[in-house]
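These notes are about the structure you will find just below.
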Amino acid sequence: MFNKILIANRGEIALRIIRTCKEMGIKTVAIYSKADAESLHVRFADEAVCIGPAASSESYLNIPRIMAAVEITNADAIHPGYGFLAENANFAEICRQSGVKFIGPTPEMINKMGDKVTAKETMIKAGVPVVPGSDGLLKDVKQGIKIANQIGYPVILKATAGGGGKGMRIVNKDDEFEEAWDSARKEAKASFTNDGIYVEKYVVEPRHIEFQIVGDQFGNVCHLSERDCSIQRRHQKLVEESPSPFMTPELREKMGEAAIKAGKSINYEGVGTIEFLVDKFRNFYFMEMNTRIQVEHPVTEEVIDHDLIKEQIKVAAGIPISGKNYFPTMHAMECRINAEDVMKDFRPSPGKITSFHSAKGHGVRVDTHVYAGYTVPPYYDSMIAKLICKAQTREDCIKKMQRALDEFVIEGIKTTIPFHKALMKDEAFKAGDFNTGFMNTFDMDNCKE
Ligand code: ADP
């Protein structure tokens, strides 16, 4: 087992990883930017190293500085968390060459799945259903229009390097193609310095259902059931839950099998997520694979009662997994609490938190790095807390979430709590009747307090 793990991340996930390391008797090193000196992950780690100024390029994305921190502290492994360098094959390769264990898959696996076009090709070969679309990248508008007519409108243009909902455009007819193509390419270039675009059928009113998988160094891959992440705004998740209200035992069996096939096709090692779109007829299509721990992993932890960060560390240390699949025994739901003003189009709302009272009680979990007096910096992701509730049934879980949201007080900045309160009262949501288009018709006036 590792002696000391450096956590190449910040915020709630850094703290989350430190907690598990402590329980496993592993020492921890936090790295931080000057803007994060007051963050809890810095205080809770055994050692902390300031690696640069606020800008991510000068700190959390700066590989030479992170490797210098590894050297100074003598850490023998790096946990990348999510975001930042978590899916950067070059970083994983540098770790390998420096003799530090990257807690995650190999650079080869990251490369295979990081590029969406390559990932789709790999899945087709493995016999996993994918959304019909172009064979690889599009050359130009003309070719795009031709393929769009073959598969039928609506279609979606997607960036091969895509992430965080960026570089995607829906196209309904030939006339709209060129403009969508130009803006998708521009956004992809700016966000990923890669403007490769492909096209696929736009699945109408789908659910986003993903499977958590774990693979070890001995070729075993198992699944830990699904999470439903259909409540999204601009392709970004707001609420996740497990089990999916749309799931049936037969569908879980089929999708779980496909997820394992996907993992086995690249000998996947570590925890990962296979994302699928599911249409109203319960046809499912592979969308992409995330080769890291995800924001919403606590939902799975709660329903199967396992620590996924611990699994990740054990697998990285060469310990085999049991090889059996896990199924939900409870219902869990996560609300992402962001420092955003929901009444102003979810505009970021950084600043000082003047008072903070966390929700508590039976079945309530809060993962956060903030506290009263903490200043939310404007430089990073706006998520400041995750509120996770679990109960025997979905209905009870929603009631618990309502109670927990009422208890949660964050003052000084705007947060997404008013949105979550309104969502938990929404009849369609309560009935489990929703898809990824839910937010297009949701009345934001319900969030007025
Ligand atoms: P990212 O990596 O940027 O998050 P994804 O490929 O995971 O992008 O897609 C994000 C979301 O975009 C999905 O959850 C879904 O709501 C929507 N989406 C992506 N592809 C399609 C498609 N072919 N049809 C319908 N919706 C799609």
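Remember, it's 1-based here, ligands and their atoms both numbered in the order they're listed.
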What is the closest protein heavy atom to [atom], and at what distance does it sit?
atom                    : answer
atom 20 (N) of ligand 1 : Lys158 NZ, 2.9 Å
atom 12 (O) of ligand 1 : His235 ND1, 3.0 Å
atom 6 (O) of ligand 1  : Lys116 NZ, 3.0 Å

Salt bridge check, [Y] against [X]: does any charged N sit closer than 4.0 Å to a carboxylate O?
X      : Y      : result
Glu340 : Arg347 : no
Lys173 : Glu176 : yes
Arg227 : Glu210 : yes
Glu226 : Arg252 : yes
Asp396 : Arg403 : no

If we only count N/O pairs under 3.5 Å, is [X] in contact with ligand 1?
X      : value
Gly164 : yes
Met168 : no
Ile156 : no

Within reach of ligand 1, part of Gln232 (heavy-atom separation under 4.0 Å):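 Looking at Gln232 and ligand 1, just side chain atoms fall under 4.0 Å.
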Part of Leu277 with heavy atoms under 4.0 Å of ligand 1, whether side chain, backbone, both or neither: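 Near ligand 1, Leu277 shows its side chain, while the N, CA, C and O stay back.
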List every atom of ligand 1 that sits less than 4.0 Å from any heavy atom of [X], numbering the atoms from 1 in the order shown and giving each element.
X      : result
His208 : 13 (C), 14 (O)
Gly165 : 1 (P), 3 (O), 4 (O)
Met287 : 6 (O), 9 (O), 13 (C), 14 (O), 19 (C), 20 (N)
Glu275 : 7 (O)
Val203 : 22 (C), 24 (N), 25 (C)
Thr436 : 16 (O)
Tyr202 : 24 (N), 25 (C), 26 (N)
Glu288 : 1 (P), 2 (O), 4 (O), 5 (P), 6 (O), 7 (O), 8 (O)

Check whether more than 12 heavy atoms from other residues, nucleotides or ligands sit under 6.0 Å from atom [atom1] of [X], and answer yes or no.
X      : atom1 : result
Gln143 : CD    : yes
Lys414 : NZ    : no
Tyr82  : OH    : yes

Charged tip of Arg207 within 45° of Phe438 ring normal and under 6.0 Å: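 Arg207 over Phe438 ring: no.
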His41 ring center within less than 6.0 Å of Tyr32 ring center: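 Judged by ring-centre distance (under 6.0 Å), Tyr32 and His41 do not meet the cut-off.
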Check: Tyr374 ring centre within less than 6.0 Å of His369 ring centre: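 Judged by ring-centre distance (under 6.0 Å), Tyr374 and His369 do meet the cut-off.
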Close approach, Lys237 and ligand 1, non-hydrogen under 4.0 angstrom: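 It does not, in that no heavy atom of Lys237 comes within the 4.0 Å cut-off of ligand 1.
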